[in-house]
Amino acid sequence: MNKPSIRFCPLCGTPVVLQEVLNELRPVCPSCGYVHYDDPKVAVAVIVLQEGKVLLTRRIYPPEEGCWTVPAGFMNAFEEPVGAAERECLEETGLQVRVTGLLDVLGGREHPRGADVLLAYLAEVVGGELKAGDDASAAAFFPLDALPPLAFASTKKLLAKLKR
Ligand code: ZN
(Lines give C-alpha, C1' and ligand atoms only; values in the text may rest on other atoms or scores of the structure.)
Protein backbone atom coordinates (compact mmCIF):
# COMPACT_ATOMS: atom_id res chain seq x y z
CA MET A 1 0.00 0.00 0.00
CA ASN A 2 1.59 3.30 -1.11
CA LYS A 3 -1.33 5.52 -0.19
CA PRO A 4 -3.59 5.04 2.79
CA SER A 5 -7.10 3.95 1.81
CA ILE A 6 -8.49 6.34 4.39
CA ARG A 7 -7.19 9.81 5.31
CA PHE A 8 -8.79 10.34 8.69
CA CYS A 9 -9.41 8.12 11.67
CA PRO A 10 -13.08 7.04 11.55
CA LEU A 11 -13.19 7.05 15.36
CA CYS A 12 -11.64 10.40 16.28
CA GLY A 13 -11.03 12.28 12.99
CA THR A 14 -7.23 12.61 13.36
CA PRO A 15 -5.25 12.28 10.06
CA VAL A 16 -3.90 8.73 9.83
CA VAL A 17 -0.30 7.69 9.14
CA LEU A 18 0.99 4.55 7.45
CA GLN A 19 2.65 2.13 9.84
CA GLU A 20 3.67 -1.48 9.58
CA VAL A 21 1.18 -3.59 11.51
CA LEU A 22 1.08 -7.38 11.17
CA ASN A 23 3.56 -7.32 8.26
CA GLU A 24 1.75 -4.72 6.17
CA LEU A 25 1.63 -0.94 5.94
CA ARG A 26 -1.76 0.06 7.29
CA PRO A 27 -3.40 3.38 8.15
CA VAL A 28 -2.94 3.96 11.89
CA CYS A 29 -4.32 6.78 14.02
CA PRO A 30 -1.48 8.49 15.95
CA SER A 31 -4.00 9.84 18.43
CA CYS A 32 -6.21 6.92 19.51
CA GLY A 33 -4.28 3.97 18.06
CA TYR A 34 -7.04 2.78 15.68
CA VAL A 35 -5.64 0.46 12.98
CA HIS A 36 -7.55 0.35 9.69
CA TYR A 37 -7.78 -3.06 7.96
CA ASP A 38 -9.03 -3.05 4.39
CA ASP A 39 -11.40 -5.99 4.43
CA PRO A 40 -12.21 -7.96 1.28
CA LYS A 41 -15.48 -7.04 -0.41
CA VAL A 42 -17.92 -9.91 -0.80
CA ALA A 43 -20.59 -10.06 -3.48
CA VAL A 44 -23.36 -12.57 -4.07
CA ALA A 45 -24.96 -13.60 -7.35
CA VAL A 46 -27.90 -15.78 -8.29
CA ILE A 47 -28.20 -17.94 -11.37
CA VAL A 48 -31.85 -18.64 -12.13
CA LEU A 49 -32.53 -21.17 -14.87
CA GLN A 50 -36.06 -21.58 -16.15
CA GLU A 51 -36.94 -23.78 -19.12
CA GLY A 52 -33.35 -23.56 -20.38
CA LYS A 53 -33.25 -19.79 -20.05
CA VAL A 54 -31.14 -17.81 -17.60
CA LEU A 55 -32.18 -14.63 -15.78
CA LEU A 56 -30.00 -11.61 -16.63
CA THR A 57 -30.05 -7.90 -15.84
CA ARG A 58 -28.71 -5.02 -17.93
CA ARG A 59 -26.32 -2.70 -16.10
CA ILE A 60 -27.12 0.99 -15.73
CA TYR A 61 -23.84 2.03 -14.15
CA PRO A 62 -20.22 1.80 -15.29
CA PRO A 63 -18.19 -0.24 -15.65
CA GLU A 64 -19.67 -2.15 -18.57
CA GLU A 65 -22.99 -0.30 -18.49
CA GLY A 66 -25.42 -1.61 -21.11
CA CYS A 67 -24.00 -5.14 -20.84
CA TRP A 68 -25.81 -7.97 -19.13
CA THR A 69 -24.95 -9.90 -16.02
CA VAL A 70 -26.57 -12.23 -13.53
CA PRO A 71 -28.41 -10.56 -10.62
CA ALA A 72 -25.72 -9.71 -8.08
CA GLY A 73 -24.63 -7.23 -5.48
CA PHE A 74 -22.62 -6.65 -2.36
CA MET A 75 -23.37 -8.34 0.91
CA ASN A 76 -24.21 -5.99 3.75
CA ALA A 77 -22.36 -6.24 7.03
CA PHE A 78 -23.99 -8.75 9.39
CA GLU A 79 -26.07 -10.13 6.52
CA GLU A 80 -26.15 -13.84 5.79
CA PRO A 81 -25.01 -14.71 2.21
CA VAL A 82 -28.01 -16.73 1.03
CA GLY A 83 -30.35 -14.02 2.28
CA ALA A 84 -28.22 -11.38 0.57
CA ALA A 85 -28.40 -13.25 -2.74
CA GLU A 86 -32.18 -13.58 -2.54
CA ARG A 87 -32.50 -9.89 -1.58
CA GLU A 88 -30.33 -8.70 -4.49
CA CYS A 89 -32.35 -10.74 -6.97
CA LEU A 90 -35.64 -9.32 -5.68
CA GLU A 91 -34.29 -5.75 -5.79
CA GLU A 92 -32.91 -6.05 -9.33
CA THR A 93 -35.53 -8.24 -11.02
CA GLY A 94 -38.71 -8.15 -8.93
CA LEU A 95 -38.52 -11.95 -8.61
CA GLN A 96 -38.56 -13.74 -5.28
CA VAL A 97 -36.14 -16.62 -5.48
CA ARG A 98 -35.06 -19.45 -3.23
CA VAL A 99 -31.41 -20.49 -3.27
CA THR A 100 -31.08 -24.19 -4.08
CA GLY A 101 -27.31 -24.63 -4.14
CA LEU A 102 -23.88 -23.14 -4.67
CA LEU A 103 -22.62 -22.96 -8.28
CA ASP A 104 -19.17 -21.49 -7.68
CA VAL A 105 -16.98 -19.20 -5.60
CA LEU A 106 -14.88 -16.80 -7.68
CA GLY A 107 -12.02 -14.69 -6.41
CA GLY A 108 -10.17 -11.62 -7.65
CA ARG A 109 -11.30 -8.04 -8.10
CA GLU A 110 -12.08 -7.38 -11.78
CA HIS A 111 -12.33 -3.60 -11.43
CA PRO A 112 -11.62 -1.08 -8.65
CA ARG A 113 -15.21 -1.08 -7.43
CA GLY A 114 -15.65 -4.84 -7.77
CA ALA A 115 -15.68 -7.63 -5.22
CA ASP A 116 -12.78 -9.77 -4.05
CA VAL A 117 -15.01 -12.79 -3.52
CA LEU A 118 -18.15 -13.67 -5.48
CA LEU A 119 -20.48 -16.35 -4.12
CA ALA A 120 -22.63 -17.57 -7.01
CA TYR A 121 -25.78 -19.45 -6.02
CA LEU A 122 -28.29 -21.42 -8.04
CA ALA A 123 -31.86 -20.35 -7.34
CA GLU A 124 -35.43 -20.93 -8.41
CA VAL A 125 -38.30 -18.49 -8.72
CA VAL A 126 -40.92 -18.74 -5.97
CA GLY A 127 -42.86 -15.53 -6.56
CA GLY A 128 -42.84 -11.91 -7.66
CA GLU A 129 -43.14 -10.31 -11.06
CA LEU A 130 -40.30 -9.77 -13.52
CA LYS A 131 -39.41 -6.09 -13.71
CA ALA A 132 -36.10 -4.25 -13.66
CA GLY A 133 -35.29 -2.38 -10.48
CA ASP A 134 -32.41 -0.75 -8.62
CA ASP A 135 -29.20 -0.75 -10.64
CA ALA A 136 -30.62 -2.65 -13.63
CA SER A 137 -32.19 -1.03 -16.70
CA ALA A 138 -33.76 -4.30 -17.85
CA ALA A 139 -34.27 -7.84 -16.59
CA ALA A 140 -35.09 -10.78 -18.82
CA PHE A 141 -34.57 -14.50 -19.42
CA PHE A 142 -32.25 -15.53 -22.26
CA PRO A 143 -31.61 -18.95 -23.84
CA LEU A 144 -28.10 -20.12 -22.91
CA ASP A 145 -27.23 -20.41 -26.63
CA ALA A 146 -28.44 -16.87 -27.45
CA LEU A 147 -26.95 -14.65 -24.76
CA PRO A 148 -26.72 -10.84 -25.09
CA PRO A 149 -23.37 -8.97 -24.65
CA LEU A 150 -22.14 -9.95 -21.19
CA ALA A 151 -20.37 -7.82 -18.58
CA PHE A 152 -17.40 -9.18 -16.63
CA ALA A 153 -15.26 -12.28 -16.97
CA SER A 154 -16.98 -13.68 -13.88
CA THR A 155 -20.40 -13.63 -15.60
CA LYS A 156 -18.96 -15.37 -18.66
CA LYS A 157 -17.26 -17.95 -16.47
CA LEU A 158 -20.43 -18.72 -14.51
CA LEU A 159 -22.59 -19.03 -17.61
CA ALA A 160 -19.99 -21.23 -19.31
CA LYS A 161 -20.02 -23.49 -16.28
CA LEU A 162 -23.82 -23.59 -16.43
CA LYS A 163 -23.80 -24.74 -20.06
CA ARG A 164 -21.64 -27.76 -19.22
ZN1 ZN B 1 -8.29 7.99 16.16
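All ligand and atom numbering here is 1-based and tracks the order in the structure.
- When side chains are defined from C-beta on, Tyr37 counts as touching Leu22, because their heavy atoms get closer than 4.5 Å.
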List the atom pairs, donor and acceptor, that lie under 3.5 Å between side-chain atoms in residues 144-157 and the rest of the protein, sequence neighbours left out.
{"residue": "Ser154", "atom": "OG", "partner": "Glu110", "partner atom": "OE2", "Å": "3.0"}
{"residue": "Thr155", "atom": "OG1", "partner": "Thr69", "partner atom": "OG1", "Å": "2.9"}
{"residue": "Thr155", "atom": "OG1", "partner": "Ala151", "partner atom": "O", "Å": "2.7"}

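- Cluster partners of Ile60, by chain and number: Tyr61. The rule joins Ile, Leu, Val, Met, Phe, Trp and Tyr whenever side-chain heavy atoms lie under 4.5 Å apart.
- For the pair Leu95 and Leu90, the minimum side-chain heavy-atom distance is 4.5 Å or more.
- For Lys161, the salt bridge (charged side-chain N to carboxylate O under 4.0 Å, His left out) test picks out Asp104, with sequence neighbours left out.
- Listed by chain and number, Cys9 SG, Cys12 SG, Cys29 SG, Cys32 SG are the protein N/O/S atoms closer than 2.8 Å to the Zn ion (ligand 1), with waters left out.
- Remark: Arg87 CZ to Glu79 CD distance equals 4.0 Å, nearest 0.5 Å.
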